[in-house]
Amino acid sequence: MSERFGSLFAPCCILLLSVYASLYVGLLPPVWVSILPLMPLILAGVAILLAWHFNKGRVFILVLLLLIPKLYGGSNQTASITAYLVVSCFCVALLAFVKERGFFNRFAVNRLLFVAMLVCWCYAVERHWVSFAFLDQAVFQLPFTWSDLLLWFGLVVSIMLMAMAWWLSNDAFHASGLISILSLIIISRFSVSGVQYDTLLSAQCLLWIWFLLMESYRMAYLDDMTRLPGRRALNEQLVGLSKNYAIAMVDVDHFKKFNDTYGHDMGDKVLKSVAQQLKLFSAPGRAFRYGGEEFTLVFRRAQVKEVEAVLETVRESIEDAQVEVLDPKKKKDIEVNVTASIGVAFASAGEIPTNVLKRADEALYQSKEKGRNRVSKSLPAKI
Ligand SMILES: Nc1nc2c(ncn2[C@@H]2O[C@H](COP(=O)(O)OP(=O)(O)OP(=O)(O)O)[C@@H](O)[C@H]2O)c(=O)[nH]1
C-alpha cells in the first residue's frame, strides 16, 4: 500500500508547493515577476527535449496539452477556458489508456493532429464560431446551469478514469497524470492572475521533467519484469560496501524444467513471485535481480546469525508462495510452488566484493549439490 501511494507523493508535493507559491508569487521582486511568463515555455522546452531523448511520445503530447492556452494566447473568456479545460482533461485521461509508442512515428502524427484539433476547437469557441449559450440555463431551477453540470461531469469522469488507471498500474506516469488533471482544474478555475497561472503551469512542466528523470533512473537501474534493482544498481552497491557485509545468491531450483513444463510466460510469473518474496522478507538485506533466475541479496552490516535467520525465512517464504499457472496439459489454472537454493558469503576484513560474490556463488553450488532448497554459507577467513 505504501508503495502504491509512494508514486503519488512527489507529484502531490509539487502540486501543493506550486499552489502555495502561487499565493505569494506577487511578493517577488519585479525582475523575477517579469521573467515568470517565460518560465512555463522554458520548462516545457526542457520537458519536450527530455521526452524526445527518452522516446516518450505521451509526455510530449501531455506537455503540449498543458501549454495550449499559453500558446494560442488564451483569454479570460469563460467559454473558451471551459472548452479547453474539459477537452484537455479528457485527453490527458485518454492518454492513460494509450500505449507508449515513442516519439517519431505515425502514432505521434495522429496524436499531434488530435492536439491541433483541440486548439482549433478552443479557438472556435473563443471566436464564438461555436456557441454553447443554449446550455447556460438553470438545471430544473437549481443554482447551476447545464454547462456547469456538463463541465463537472467531464472533469469527474476524467479524474475517475485517470485514478482507475493509476490504481491498476501503480506507476509514476498515471500518478503524474492524475495530479496534472487536478492542477489543470486549479489553473483554469481558481488562478486569478497571470503570475499565478504561470507559476502553476511552470510547476506542471517541472512535474513532467521530474517524471522523465525518474523514468531514466528506472530504465537504467530497475529490472522491468520484477521491479527489483538490476545488475547496474548491484554493481554500484558493491562498490560502496565496507566491512562486515554479506552477499547472498538466490537461484530458483529446476527452473529450466519449470519453463519446459509450463512455458516461459508462467516462468516469468514465478520470477515475479520470487522477487515479491525477496522484497517482503529480505530486510535488512537489499534484493537485486542478478540476471535470469538468479537474485542477489546484499547485507551492508551483517551478523552471521541474523543473516542466516533472514535467509531461512526467505527460503521458506519462496517455498510456501503459491503461484497460479496455466497447466498446458489439463488446460486449466493450477497452483504450484517452486523452491530456491541460497548461498551466502560473509566478507573477511578488506576482502573485495567481487571475491565475496564468487564465494557466495560457490556456496550456492554447494546448496545445489546437497539437494537444493537450502542455505549454505561461506564464513569469513578469521571465524
Ligand atoms: N521464464 C524465464 N526463464 C528464464 C529467464 N531467465 C532465464 N530463464 C531460464 O532459466 C533457466 C535456467 O536453467 P539452468 O541454469 O539450467 O538451471 P535450473 O534448470 O534452474 O537448474 P538448477 O539451477 O540446477 O536447479 C533456463 O532455462 C533459462 O531459459 C526469464 O527471465 N524468464
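If you're wondering where the values come from, they're calculated on a predicted model, not measured in any experiment. Indexing begins at 1, ligand by ligand and atom by atom, following the structure's order.
Only backbone heavy atoms of Val252 (N, CA, C or O) come within less than 4.0 Å of ligand 1; its side chain stays farther off. When heavy-atom distances to ligand 1 are checked against a 4.0 Å cut-off, Asp251 comes that close only through its side chain, counted from C-beta outward.
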Before giving the answer on ring-ring contact (aromatic ring centres under 6.0 Å, His included), spell out for Trp208 and Phe60 the whole-Å C-alpha distance, their side-chain angles and the decisive distance to 0.1 Å. CA-CA 9 Å; Trp208 287 101; Phe60 172 54; over 10 Å; no
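Distance CE/Met249 to OH/Tyr290: 5.0 Å, rounded to 0.5 Å.
In summary, the atoms of ligand 1 found under 4.0 Å from a heavy atom of Gly267, numbered by their order in the structure, are 1 (N).
If you check each of Lys256, Arg289, Met225, His264 against atom 31 (O) of ligand 1, the one with the closest non-hydrogen atom is Arg289. Between the choices Asn373, Asp268, Thr339, the shortest heavy-atom distance to atom 1 (N) of ligand 1 belongs to Asp268.
A salt bridge links Glu319 with Arg315: the closest approach of a Lys/Arg side-chain nitrogen to an acidic carboxylate oxygen falls below 4.0 angstrom. A salt bridge links Asp253 with Lys368: the distance from a Lys NZ or Arg NE/NH1/NH2 to an Asp or Glu carboxylate oxygen falls below 4.0 Å. Between Lys256 and Asp260 there is a salt bridge, since at least one side-chain N of the basic residue sits less than 4.0 Å from a carboxylate O of the acidic one. The existence of a salt bridge linking Glu215 and Arg218 is confirmed by a sub-4.0 Å separation between a basic side-chain nitrogen and an acidic carboxylate oxygen.
With respect to atom 22 (P) of ligand 1, the closest heavy atom belonging to the protein is Lys368 NZ, 3.4 Å. For atom 12 (C) of ligand 1, the closest non-hydrogen atom on the protein side is Glu293 OE2, 3.3 Å. At the shortest separation from atom 20 (O) of ligand 1 among protein heavy atoms lies Phe255 N, 2.7 Å. Remark: minimum distance from atom 30 (C) of ligand 1 to any protein heavy atom is reached at Leu271 CD1, 3.5 Å. With respect to atom 7 (C) of ligand 1, the closest heavy atom belonging to the protein is Gly292 CA, 3.5 Å. With hydrogens left out, the protein atom closest to atom 24 (O) of ligand 1 is Arg372 NH2, 2.9 Å, a heavy atom. In terms of protein heavy atoms, atom 9 (C) of ligand 1 is closest to Asn259 ND2, 3.4 Å.
Donor-acceptor pairing under 3.5 Å is lacking for the side chains of Ser176 and Trp210.
Using bins of under 30°, 30° to 60° and over 60° for the plane-to-plane angle, the ring pair Phe258/Phe255 lands in the parallel bin.
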